[in-house]
Amino acid sequence: MRTLRFQTDIELFAAGIGSAQSLFISVYSLLERKRDFRNILLSLFFLAVTIRLGKSILWVYLETTPQWLINLGFAAHAITGPALLLYLWHFLFPRRWHWLGLVHFIPAILLLLGLNALTQEGFWYAGGYHGLLFHQLGYSLAAMVLVCHKFWKKNPESHLAKTTILWVVALVAGTAVFQILYFTNYILGLTPYLLGPVVYLPFVYFMAFLLFKNPGLLQPKSEEKNSTAKLTNGELALASQKLMQLMETQKVYLDPNCSMAKVGQMVHMPSYLVSHVVNTHLGKSFPDFLNGYRIEAVKQKLLNPSYQHTKIASIAYECGFNTLSAFNAAFKKNTGTTPTQFQKSH
């Protein structure tokens with residue numbers, strides 16, 4: 001009896017801690033200073049897990065659990081799958097939110113509307129719980145397929161950082177284990193009822209650790225930023241022409257504090273678009289793009305008799321360079337020789 005009691009206490013403790021940790025992540029995601037619908041989906045997912053785990057604890061240890069609270073736990077269970085799938089879909093393949101995404105939550109909404117009407121014998125034991133478990137298992141499989149598609153997609157732009165991969169894998173694996181163990185308990189009768197919450201505990205702590213160490217996970221790239229790769233060749237050519245015209249007419253490269261953000265403001269383009277155009281269409285980094293114009297200006301002055309007695313360092317500073325080391329490196333990279341050798345040879 002003492003061993004059984006100890007095991008029961010361990011199950012209760014593990015399930016309770018997992019529920020509390022899920023609630024903490026839910027609040028943490030919701031309060032992220034950069035509000036994003038993906039964070040709301042993530043917060044909704046962990047809140048649903050919290051309620052589902054709480055329902056499991058009450059079901060086992062409180063015989064007088066009201067029926068509406070049991071129904072609330074099942075409604076939360078119905079939310080977990082859609083919330084996670086939609087979060088992963090928009091996290092891995094950034095796009096704008098569409099209201100049709102709410103269709104996935106129709107079963108959960110119907111369950112919430114029936115909180116005071118659904119009974120165990122008349123609904124849950126009559127096939128309702130079977131349907132819920134199969135429904136959620138389907139969403140878990142869909143999430144795994146989605147992640148595999150992202151990882152195996154042969155596209156350089158599909159590369160993910162190691163932390164992001166760990167985060168996604170932990171989310172999918174933890175939820176899949178959570179759903180499968182509930183499934184094997186009721187449908188197959190193979191596992192204890194609280195094994196799901198207990199096994200879920202290390203996953204939720206690992207996810208919390210990743211979030212706290214890498215808060216950037218709650219700041220996913222926007223659809224607008226990723227859509228730059230979809231610009232047509234004509235649009236790229238027009239944007240690069242604007243950038244080159246700005247350099248040639250206004251000579252903004254002479255400003256040592258010239259930055260991508262300043263250039264973007266002058267041509268009415270966001271900085272990420274400036275970077276994309278320079279990298280993709282011109283085949284350069286933005287610093288090389290700027291330094292190319294600066295080196296050309298330096299070369300003209302080095303060949304101009306009026307600057308014959310001007311120090312090369314002064315010319316470099318006049319043409320927008322901040323340091324001599326940066327100037328010498330850029331000049332060598334651009335011309336294959338040093339400024340002094342260039343001046344002498346010409």
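- Taking CG of Leu181 as the start and CG of Leu195 as the end, the distance is 4.5 Å to the nearest 0.5 Å.
- Side-chain atoms of Ser19 come within 3.5 Å of backbone N or O of Thr50 as a donor-acceptor pair.
- When hydrophobic clusters are built by joining Ile, Leu, Val, Met, Phe, Trp and Tyr residues whose side-chain heavy atoms come closer than 4.5 Å, directly or via intermediates, Ile295 is not grouped with Val252.
- Atom-to-atom distance recorded for His276:NE2 and Phe286:CZ is 15.5 Å, nearest 0.5 angstrom.
- No donor-acceptor pair under 3.5 Å is formed between the side chain of Asn334 and the backbone N or O of Gly292.
- No continuous path of hydrophobic side-chain contacts links Leu290 to Phe331 [ILVMFWY only; heavy atoms under 4.5 Å].
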*asked:* Show, in sequence, the C-alpha distance, side-chain angles and deciding distance for Leu118 and Trp124, and conclude whether the side-chain contact (heavy atoms from CB on, under 4.5 Å) test is met.
replied: CA-CA 8 Å; Leu118 302 178; Trp124 296 115; 4.1 Å; yes

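- For Tyr182 and His77, the side-chain atoms include no donor-acceptor pair closer than 3.5 Å.
- In this structure, the side chain of Lys150 engages the main chain of Leu92 through a donor-acceptor pair within 3.5 Å.
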_Verdict with supporting geometry, Val168 and Leu88, side-chain contact (heavy atoms from CB on, under 4.5 Å)_ = CA-CA 8 Å; Val168 170; Leu88 291 172; 4.0 Å; yes

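- Atom CD1 of Ile109 and atom CG of Leu102 lie 7.0 Å apart (nearest 0.5 Å).
- Linking Ile, Leu, Val, Met, Phe, Trp and Tyr whenever their side-chain heavy atoms come within less than 4.5 Å leaves Tyr139 and Val145 in two separate clusters.
- In this structure, Phe37 and Trp97 have tilted ring planes: the angle between them lies in the 30° to 60° band.
- Taking a 6.0 Å sphere around CZ of Phe212, one finds it holds more than 12 heavy atoms contributed by other residues, nucleotides or ligands.
- Across all their heavy atoms, Ser285 and Asn279 have their closest contact at CA-OD1, 3.6 Å.
- Remark: the backbone N or O of Thr163 is not paired with any side-chain donor or acceptor of Asn214 at under 3.5 angstrom.
- The main-chain N or O of Gln300 is never found under 3.5 Å from a side-chain atom of Asn304 such that the two would form a donor-acceptor pair.
- A donor-acceptor pair is defined here as one N or O able to donate and one able to accept, closer than 3.5 Å; no such pair exists between the side chain of Ser240 and the backbone of His281.
- Within the 4.5 Å cutoff, side-chain heavy atoms of Val298 are placed close to those of Phe327.
- Across every non-hydrogen atom of Leu282 and Met244, the tightest pair is CD2-SD, 4.4 Å.
- A donor-acceptor pair is defined here as one N or O able to donate and one able to accept, closer than 3.5 Å; no such pair exists between the side chain of Gln67 and the backbone of Thr119.
- Taking NE2 from His104 and CD1 from Ile79, the interatomic distance works out to 14.0 Å, rounded to the nearest 0.5 Å.
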*Full working for side-chain contact (heavy atoms from CB on, under 4.5 Å) between Thr340 and Gln343*: CA-CA 5 Å; Thr340 303; Gln343 192 176 41; 5.7 Å; no

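- No hydrogens or angles considered: a donor-acceptor pair under 3.5 Å links the side chains of Ser43 and Ser26.
- For His135 against Ala78, the heavy-atom pair with the smallest separation is CE1-O, 4.1 Å.
- Of all the heavy atoms in Ala176 and Ser140, the pair that sits closest is CA-OG, 4.2 Å.
- Heavy atoms only, all atoms of each residue included: Gln179 and Gly81 are closest at NE2-N, 4.3 Å.
- A cation-pi arrangement is not found for Arg52 relative to Phe178, the charged atom failing to lie both closer than 6.0 Å to the ring centre and inside a 45° cone about the ring normal.
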Tabulate below the donor-acceptor pairs under 3.5 Å that side-chain atoms of residues 309-318 make, not counting sequence neighbours, or state none.
none

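- The shortest distance between side-chain heavy atoms of Leu111 and Phe123 falls below 4.5 Å.
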*What do the steps show when you test Lys333 against Asp288 for side-chain contact (heavy atoms from CB on, under 4.5 Å), and what is the final call?*
CA-CA 9 Å; Lys333 182 177 181 179; Asp288 286 345; 2.8 Å; yes

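- Checked against ring-ring contact (aromatic ring centres under 6.0 Å, His included), Tyr293 has the following partners two or more places apart in sequence or in another chain: Tyr253, Phe289.
- In this structure Ser259 satisfies the side-chain hydrogen bond (donor to acceptor under 3.5 Å, both in side chains) test with no other residue, sequence neighbours excluded.
- Nearest heavy atoms, Leu41 versus Tyr87: CD1-N, 3.9 Å.
- At least one donor-acceptor pair under 3.5 Å links the side chain of Ser345 to the backbone N or O of Phe342.
- Applying the side chain to side chain contact (heavy atoms under 4.5 Å, CB included) test between Asn39 and each of Leu217, Leu44, Leu218 identifies Leu218 as the sole match.
- Lys55 has its side chain within reach of Trp59: a pair of non-hydrogen atoms, C-beta onward, lies under 4.5 Å apart.
- More than 12 heavy atoms of other residues, nucleotides or ligands shown are found within 6.0 angstrom of CD on Gln120.
- Cluster annotation: Met247 is not connected to Phe321 through the hydrophobic network of ILVMFWY side chains, with a link wherever side-chain heavy atoms come within less than 4.5 Å.
- Leu194 contributes atom CG, which lies 6.0 Å from atom OG of Ser56 (distance to the nearest 0.5 angstrom).
- For Tyr129 and Tyr186, the ring centers are positioned less than 6.0 Å apart.
- Residues Lys262 and Asn257 have side chains in contact (heavy-atom distance under 4.5 Å, counting atoms from C-beta outward).
- Open room surrounds CZ on Phe24; 12 or fewer heavy atoms of other groups in view lie less than 6.0 Å from it.
- Neither Leu238 nor Leu273 shares a network with the other; the hydrophobic side chains, linked directly or stepwise wherever heavy atoms of I, L, V, M, F, W or Y lie under 4.5 Å apart, form separate groups for each.
- Interatomic distance, CG of Leu72 versus CG of Leu112, reported as 6.5 Å (0.5 Å rounding).
- Using a 4.5 Å heavy-atom cutoff, the side chains of Phe91 and Trp167 are in contact.
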